[in-house]
Undergrad: 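Dumping the structure here so I can ask a few things about it.
Letters A, B, ... are given to chains in the order of the sequence lines, protein chains preceding strands, and every chain is numbered from 1.
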Amino acid sequence: METLERILSEHPFLKGLAPEYIQLIVGCAANVRFEAGQFIFREGEEANQFYVIRQGRVALSMFTPERGPIVIETLGEGDILGWSWLVPPYHWRFNAQAMELTRAIALDGKCLRGKCESDHDLGFELLKRFAHIIEQRLQATRLQLLDVYGARS
Amino acid sequence: MRNNSEHDPMRTVPYRIRRVRRDTADTFTLELEPVTNQQPFHFAPGQFNMIYVFGVGEIPISISGDPAVTSALVHTTRSVGTVTKAMSQLKRGDVVGVRGPFGTPWPILAAEGNDVVLVAGGIGLAPLRPALYAILARRERYGKVVLLYGARSPEDILYRDELRHWRAQFDLDVYVTVDRATSQWRGNVGVVTTLTSRAPFDPLNTMAFVCGPEVMMRLTALELQRRGVAADQIFVSMERNMKCAVGFCGHCQFGPMFVCRDGPVFPYSRVKDWLGVWEI
């Protein structure tokens with residue numbers, strides 16, 4: 001049977017985490033579903049959750065008055081959406097919008113922050129895993145900024 | 001391999017432009033046919049020709065057509081330098097000089113029995129297209145075949161119709177991503193390296209062919225290795241200032257190698273240490 005516990009423990013993001021920690025995390029988890037076009041969060045709103053995407057696709061975008069919304073990245077199955085819940089002031093930096101029907105597991109950031117404060121081993125484990133994601137996103141962003149496909153002149 | 005400069009690799013053979021296609025704002029494809037009756041042109045995927053625009057100059061361009069089609073030569077290039085800018089002005093019926101094919105090919109035969117991942121960035125899709133044609137022609141000999149393609153923006157996507165056609169095939173996984181997009185674009189946004197973590201292939205039984213800007217190839221190779229693909233199973237197509245195409249002039253020296261003669265396709269394991277040398 002597909003329980004939240006099993007799904008989370010097998011996900012690459014949480015793989016190898018001690019079972020007692022998985023149980024703690026499951027206490028902060030809920031299945032969610034977003035219809036195509038639905039905003040999951042908007043820039044500036046309080047960031048109280050993050051999402052493990054199980055199915056579908058999500059566009060991260062930023063709105064500019066001159067050019068409208070600019071998509072900076074799309075995330076899909078297996079990706080982690082959102083880490084603003086981890087860093088003060090806990091506000092979303094981008095908009096996240098489902099591009100198609102998207103199913104995810106939402107993890108309550110406030111709940112997790114509390115558990116991480118009371119158990120620093122869990123906090124360190126989660127921070128290491130998020131640091132890896134943040135590093136990957138930073139590298140990808142830098143590669144985007146290099147504009148490597150542009151014509152050399 | 002038979003080529004039309006077999007006896008004299010420095011001899012240029014005239015080819016007439018049969019068709020010109022504008023692919024994107026700055027890339028175009030020339031379809032060439034021999035001016036005189038001569039042997040069919042055979043090449044292996046990954047090889048290149050030296051194309052001479054008379055009175056302007058000669059440049060290396062990879063062959064981007066189907067290796068099974070020997071009656072015409074297909075080259076896709078970007079209009080960036082003096083020669084390619086002049087080439088972009090040519091029309092149907094104009095004549096260019098061709099010598100080749102030169103260089104090492106993608107290891108299509110060695111990849112049989114494996115999953116094959118082709119990772120293309122920008123115009124790097126052009127040298128990989130013949131490899132894909134060859135693999136699809138003997139599809140049953142390969143495991144999963146995955147094409148990961150990254151372009152600058154939706155407008156910069158090469159071979160759109162073919163990508164649509166390939167994507168519709170059941171035995172080929174095609175992922176396209178762009179670095180920049182407006183909300184009108186319904187596909188992936190993000191660099192091509194991010195696709196390697198999502199693509200369905202068995203890293204222990206995979207051969208990867210990577211072609212694009214050097215920095216993109218380096219980072220893609222790292223991602224592929226992170227997924228478990230061995231460095232000697234990853235192949236990259238290098239680009240350097242090639243002039244003679246036969247290893248005489250030394251312009252394309254790359255450490256102990258010449259890209260024109262020893263490449264352009266190299267196992268990543270053979271070049272990875274040189275890729276980090278600034279002075280090379």
Side-chain angles (χ1 to χ4, degrees), chain A residues 11-13 15 36-39 42-43 53-81 94-102 132-153, chain B residues 24-27 77-82 84-85 88 120-125 149-158 175-200 211-220 222-223 226-227 239:
Chain A
H11 192 275
F13 178 67
K15 211 164 193 171
Q38 186 180 347
F39 277 90
R42 288 177 190 265
E43 185 184 349
I53 301 172
R54 299 182 61 192
Q55 181 199 350
R57 208 141 46 94
V58 176
L60 284 179
S61 70
M62 187 174 261
F63 183 79
T64 64
E66 303 83 15
R67 294 163 61 191
I70 298 170
V71 179
I72 56 156
E73 189 178 19
T74 48
L75 300 171
E77 186 183 329
D79 285 330
I80 299 293
L81 168 63
F94 300 105
N95 306 302
Q97 187 178 21
M99 299 175 77
E100 54 196 58
L101 172 66
T102 298
H132 178 64
I133 288 175
I134 294 166
E135 183 264 348
Q136 282 187 315
R137 303 258 165 101
L138 178 63
Q139 290 296 351
T141 304
R142 285 179 168 170
L143 190 53
Q144 271 173 306
L145 285 174
L146 284 174
D147 191 23
V148 292
Y149 306 133
R152 282 171 290 179
S153 57
Chain B
T24 68
D26 61 355
T27 58
T77 192
R78 173 183 278 144
S79 176
V80 279
T82 309
T84 47
K85 278 179 182 157
S88 72
I123 199 163
L125 183 58
Y149 175 45
R152 187 190 208 183
S153 72
E155 294 74 36
D156 292 308
I157 291 173
L158 273 182
Y175 297 79
V176 177
T177 189
V178 296
D179 280 1
R180 302 173 188 178
T182 63
S183 57
Q184 313 304 313
W185 167 249
R186 305 305 299 162
N188 283 307
V189 179
V191 289
V192 72
T193 52
T194 60
L195 295 180
T196 56
S197 59
R198 304 179 198 172
C211 189
E214 201 167 303
V215 63
M216 166 262 167
M217 292 198 292
R218 276 198 336 251
L219 296 175
T220 301
L222 291 177
E223 286 300 318
R226 191 170 4 204
R227 266 208 65 181
E239 196 177 313

Undergrad: Under 3.5 Å, which donor-acceptor pairs do the side chains of residues 61-76 of chain A form with other protein atoms, sequence neighbours left out?
TA:
unit_1, atom_1, unit_2, atom_2, d
A:T64, OG1, A:R67, N, 3.1
A:T64, OG1, A:G68, N, 3.4
A:T64, OG1, A:G68, O, 3.0
A:T74, OG1, B:N188, OD1, 3.3
A:T74, OG1, B:V189, N, 2.6
A:T74, OG1, B:V189, O, 3.3

Undergrad: Name the region of B:Q184, side chain, backbone, both or neither, that has any atom closer than 4.5 Å to a heavy atom of chain A.
TA: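 Interface part for B:Q184: neither.
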Undergrad: Would you indicate whether the side-chain heavy atoms of B:R186 and A:M99 approach each other to under 4.5 Å?
TA: yes
Undergrad: How long is the straight-line distance from OG1 of B:T194 back to CD of A:Q144, given to the nearest 0.5 Å?
TA: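 The CD atom of A:Q144 sits 8.0 Å away from the OG1 atom of B:T194.
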Undergrad: Please report, to 0.1 Å, the donor-acceptor pairs under 3.5 Å made by any side chain of residues 132-142 of chain A, with sequence neighbours excluded.
TA:
unit_1, atom_1, unit_2, atom_2, d
A:R137, NH1, A:I80, O, 3.4
A:R137, NH2, A:I80, O, 2.7
A:T141, OG1, A:R137, O, 2.7

Undergrad: For B:R226, does the CZ atom sit with more than 12 other heavy atoms under 6.0 Å from it, leaving out its own atoms?
TA: yes
Undergrad: So do the side chains of A:L146 and B:M216 get within less than 4.5 Å of each other, counting heavy atoms only?
TA: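 A:L146 vs B:M216: side chains apart.
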Undergrad: Can you tell me how far OH of A:Y149 sits from CG of B:D156, rounded to the nearest 0.5 angstrom?
TA: 10.5 Å
Undergrad: Hey, what do you get for OG1 (B:T220) to CG (A:L143), rounding to the nearest 0.5 Å?
TA: 7.5 Å
Undergrad: Closest approach of A:D147 and B:R180, non-hydrogen atoms and distance?
TA: CG-NH2, 3.4 Å
